[in-house]
Enquirer: 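Below you will find the structure I want to go over with you.
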2 protein chains.
Amino acid sequence: MEQILPHLDSVFSIDCVLFGFDGKELKILLIERNEEPFKDWWALPGNIVGADESLDQSASRILYELTGLRGIYMEQYYAFGDPGRHPQGRVITLAYYALIRLGGDKELRPISTYAKRANWLPITDLPKLAFDHQKIYDKGLEKIKRRIKHQPIAFELLPEKFTLTQLQHVYELILGKKLDKRNFRKKIVSFGVLKELDEKQKGVSYRAATLYRFDKRRYAKLFGKEISF
Amino acid sequence: MEQILPHLDSVFSIDCVLFGFDGKELKILLIERNEEPFKDWWALPGNIVGADESLDQSASRILYELTGLRGIYMEQYYAFGDPGRHPQGRVITLAYYALIRLGGDKELRPISTYAKRANWLPITDLPKLAFDHQKIYDKGLEKIKRRIKHQPIAFELLPEKFTLTQLQHVYELILGKKLDKRNFRKKIVSFGVLKELDEKQKGVSYRAATLYRFDKRRYAKLFGKEISF
DNA sequence: ATTACTTAGTGTAAAAATTACACACTATAT
DNA sequence: ATATAGTGTGTAATTTTTACACTAAGTAAT
């Protein structure tokens with residue numbers, strides 16, 4: 001990424017678009033840069049790929065260093081490499097996205113040193129981003145919009161046990177449109193990858209909803225068949 | 001790519017999976033390597049990204065150098081960068097695919113010098129490939145299988161004027177299954193991106209089929225709506 | 001205990017899309 | 001004229017999608 005600038009002909013980095021969901025809003029993790037260029041700007045977190053790492057390993061390491069999280073579903077989605085994208089030299093960057101549930105049990109570990117601070121900012125109100133990071137983010141959002149229609153990625157944003165209303169909420173946020181409650185339930189249940197639990201939601205001041213869990217086993221068996229929203 | 005090996009810490013290259021269609025079979029372009037490592041093996045054509053090129057420009061240049069073709073629909077789809085993928089050092093490569101119609105008017109220009117020869121080989125009978133090129137190819141095929149369901153890429157494999165039977169043939173080859181003729185026609189026509197011409201097929205020894213053309217303008221207007229096979 | 005409030009949870013009918021399926025037509029070659 | 005090979009077309013049954021509104025269940029306040 002951009003915070004370290006060795007004097008090489010070209011640098012290969014990974015930038016991460018970390019989508020977080022706190023139960024209400026979709027957010028992304030941004031850092032405020034402490035160095036030129038783009039000092040004081042917000043930027044996507046990223047880093048340089050290590051010599052002996054695979055790309056996925058590198059992405060996992062970077063995610064870990066920035067958030068303390070492991071075992072997160074993460075996927076590379078596009079390489080950005082315009083010669084002018086970095087003012088100080090050729091930096092080709094590979095973009096990954098990850099989906100993370102926020103709040104709840106463990107708080108995210110504070111971030112590495114190269115930034116003034118890091119913050120989860122709601123995607124509805126993002127600041128101007130450094131470099132071509134707006135473009136990287138845009139493409140990432142586009143990507144998960146498509147992917148959520150065919151892959152069970154929404155569950156990554158939710159706690160292990162969730163209600164159908166919460167799940168619907170995630171779909172609505174990512175797709176950017178309201179869905180019909182009855183039709184949503186009919187369809188999502190018909191995929192057969194949800195396990196209805198005997199438990200109910202707790203701590204709400206109204207009728208508690210049934211909790212569900214994503215059933216990875218049954219999903220694995222479906223392989224080949226396509227989910228389609 | 002792999003034929004040139006400057007003594008740098010890491011090298012960034014582009015490899016191309018060029019799918020070609022000759023009216024009968026799906027083929028890909030392979031080169032026979034003339035140098036170690038993997039001397040005499042078949043490999044995907046590729047090259048190193050130039051210092052002042054964007055990634056897409058670089059891919060276009062490489063395609064042009066290898067085939068003499070310009071203006072081909074081409075898209076990056078995955079970066080491969082396992083530390084061990086190249087025996088002589090770290091080479092991160094970005095894979096692009098392109099779809100090309102073979103035969104007909106202009107023959108492909110012969111290939112650069114770094115290979116003994118280049119050949120279009122049917123995908124049903126591929127040799128062992130150098131490096132991790134089998135993996136790159138597999139992922140590329142997977143990619144176009146998905147993409148052909150939502151994007152009008154099949155037309156890139158056909159001449160400008162084509163029959164519905166030829167179009168169906170392309171879909172069947174890529175999807176790897178037979179389709180019903182009447183249903184296929186109903187659906188593909190319903191998308192509204194085909195222009196029926198007044199011309200008929202020529203040179204066949206049976207009833208000549210009507211020719212169609214892909215209507216880019218009407219497709220552009222559809223943007224937002226999804227084609228779905 | 002009654003009431004007010006808030007979200008959970010459910011069914012159906014109409015419309016649209018998908019599937020399965022077979023034969024007559026047309027051009028050419030002999 | 002006849003054989004041949006691929007073109008081009010319609011419909012009925014099934015499945016999927018859409019649109020739509022009320023009762024049930026639990027909590028909170030009185």
Side-chain angles (χ1 to χ4, degrees), chain A residues 21-25 148-150 154 158-159 161-173 175-213 222 224-229, chain B residues 21-25 148-150 154 158-159 161-173 175-213 222 224-229:
Chain A
F21 181 63
D22 60 6
K24 294 212 158 185
E25 286 178 304
I148 202 177
K149 292 183 181 177
H150 305 289
L158 290 168
K161 300 170 183 179
F162 52 84
T163 71
L164 293 184
T165 300
Q166 290 167 343
L167 183 60
Q168 181 177 347
H169 192 186
V170 168
Y171 272 85
E172 289 179 341
L173 276 174
L175 295 177
K177 64 179 180 190
K178 285 249 172 278
L179 300 172
D180 178 86
K181 181 160 71 161
R182 278 179 285 194
N183 293 338
F184 177 82
R185 285 165 181 239
K186 210 185 306 177
K187 192 157 191 179
I188 205 93
V189 166
S190 78
F191 294 148
V193 298
L194 292 184
K195 186 174 174 64
E196 183 175 350
L197 304 177
D198 288 334
E199 280 173 85
K200 300 274 173 188
Q201 204 176 15
K202 275 175 189 161
V204 290
S205 67
Y206 45 79
R207 178 181 180 182
T210 303
L211 292 170
Y212 288 78
R213 163 184 296 161
L222 284 188
K225 293 182 192 175
E226 251 198 26
I227 284 178
S228 189
F229 240 90
Chain B
F21 180 64
D22 60 5
K24 295 213 157 183
E25 285 178 304
I148 201 176
K149 292 183 182 177
H150 305 288
L158 290 168
K161 300 170 184 182
F162 52 84
T163 71
L164 293 183
T165 300
Q166 290 167 342
L167 183 60
Q168 181 176 349
H169 192 188
V170 168
Y171 272 86
E172 289 178 340
L173 276 174
L175 295 176
K177 64 179 179 189
K178 283 248 173 280
L179 301 172
D180 179 85
K181 181 161 69 162
R182 278 179 285 192
N183 294 338
F184 176 83
R185 285 166 182 239
K186 209 186 306 176
K187 190 156 193 180
I188 206 92
V189 167
S190 78
F191 293 148
V193 297
L194 292 185
K195 186 174 175 63
E196 183 175 349
L197 304 177
D198 288 335
E199 281 174 84
K200 301 273 173 189
Q201 203 177 17
K202 276 176 190 164
V204 290
S205 68
Y206 46 80
R207 178 182 178 181
T210 302
L211 291 170
Y212 288 77
R213 161 184 298 161
L222 284 188
K225 293 183 191 173
E226 251 198 24
I227 284 178
S228 188
F229 239 90

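Chain identifiers are assigned alphabetically (A, B, ...) following the order of the sequence lines, protein sequences preceding nucleic acid strands; residue numbering begins at 1 within each chain. Just the heavy atoms: all of them, side chains too, but no hydrogens, waters or symmetry mates, feed the values below.
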Enquirer: May I have the distance from A:Phe184 (atom CZ) to D:dT16 (atom C1'), rounded to whole angstrom?
Expert: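 It is 17 Å, rounded to the nearest whole Å.
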Enquirer: Do the side chains of B:Leu197 and B:Thr210 get nearer than 4.5 Å, heavy atoms only?
Expert: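 Not in contact.
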Enquirer: Determine which pairs satisfy salt bridge (Lys or Arg N to Asp or Glu O under 4.0 Å) with at least one residue from residues 196-210 of chain A, sequence neighbours left out, and list them in order.
Expert: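 Only A:Lys161-A:Glu199 qualify under salt bridge (Lys or Arg N to Asp or Glu O under 4.0 Å).
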Enquirer: Rounded to whole Å, please give me the gap between CZ in B:Phe162 and P in D:dT7.
Expert: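 Roughly 14 Å, once rounded to whole Å.
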Enquirer: Heavy atoms under 4.0 Å, any strand shown: does A:Thr165 hit a base, just sugar-phosphate, or nothing?
Expert: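 Answer is sugar-phosphate: A:Thr165 comes under 4.0 Å of backbone atoms only.
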Enquirer: What residues, two or more places apart in sequence or in another chain, satisfy ring pair (Phe, Tyr, Trp, His ring centres under 6.0 Å) together with B:Tyr212?
Expert: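 Ring pair (Phe, Tyr, Trp, His ring centres under 6.0 Å) check on B:Tyr212 returns nothing, list empty.
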Enquirer: Going by atom type alone, with no hydrogens or angles, which donor-acceptor pairs under 3.5 Å involve a side-chain atom of residues 182-191 of chain B and a protein atom two or more places apart or on another chain?
Expert:
from, atom 1, to, atom 2, distance (Å)
B:Asn183, OD1, B:Lys186, NZ, 3.4
B:Asn183, ND2, B:Asp180, OD2, 3.3
B:Arg185, NH2, B:Thr165, OG1, 3.3
B:Lys187, NZ, B:Ser228, O, 2.9
B:Ser190, OG, B:Lys187, O, 2.7

Enquirer: Sequence neighbours left out, what passes side chain to side chain contact (heavy atoms under 4.5 Å, CB included) with B:Leu222? Give chain and number order.
Expert: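 Testing B:Leu222 for side chain to side chain contact (heavy atoms under 4.5 Å, CB included), a comparison that skips the adjacent residues, returns B:Val193, B:Lys225.
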Enquirer: Which whole-number value in Å describes the distance from A:Glu226 CD to D:dT16 P?
Expert: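 Rounded to the whole Å, the gap is 15 Å.
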Enquirer: Could you pull out all residues at least two apart from A:Gln166 that satisfy side chain to side chain donor-acceptor pair (under 3.5 Å)?
Expert: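 Listed in chain order: nothing, the list is empty.
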Enquirer: Could you run down nucleotides 18-23 of chain D 5' to 3' and tag each one B, S or - for protein heavy-atom contact under 4.0 Å?
Expert: BBBB--
Enquirer: If you walk 5' to 3' along DNA chain C, what is the first nucleotide with an atom under 4.0 Å of a heavy atom in chain A, and what is the last?
Expert: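 Both ends considered, the range comes out as C:dT6 to C:dT12.
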Enquirer: Does the ring center of B:Phe229 lie less than 6.0 Å from the ring center of B:His150?
Expert: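 That pair fails the under 6.0 Å test.
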Enquirer: Quick one: side chain to side chain donor-acceptor pair (under 3.5 Å) partners of B:Glu172, sequence neighbours excluded?
Expert: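 Once residues adjacent in sequence are excluded, the partners of B:Glu172 under the side chain to side chain donor-acceptor pair (under 3.5 Å) criterion are B:Gln168.
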Enquirer: Provide, to the nearest angstrom, the distance between the NZ atom belonging to A:Lys202 and the P atom belonging to D:dG26.
Expert: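 That distance rounds to 14 Å.
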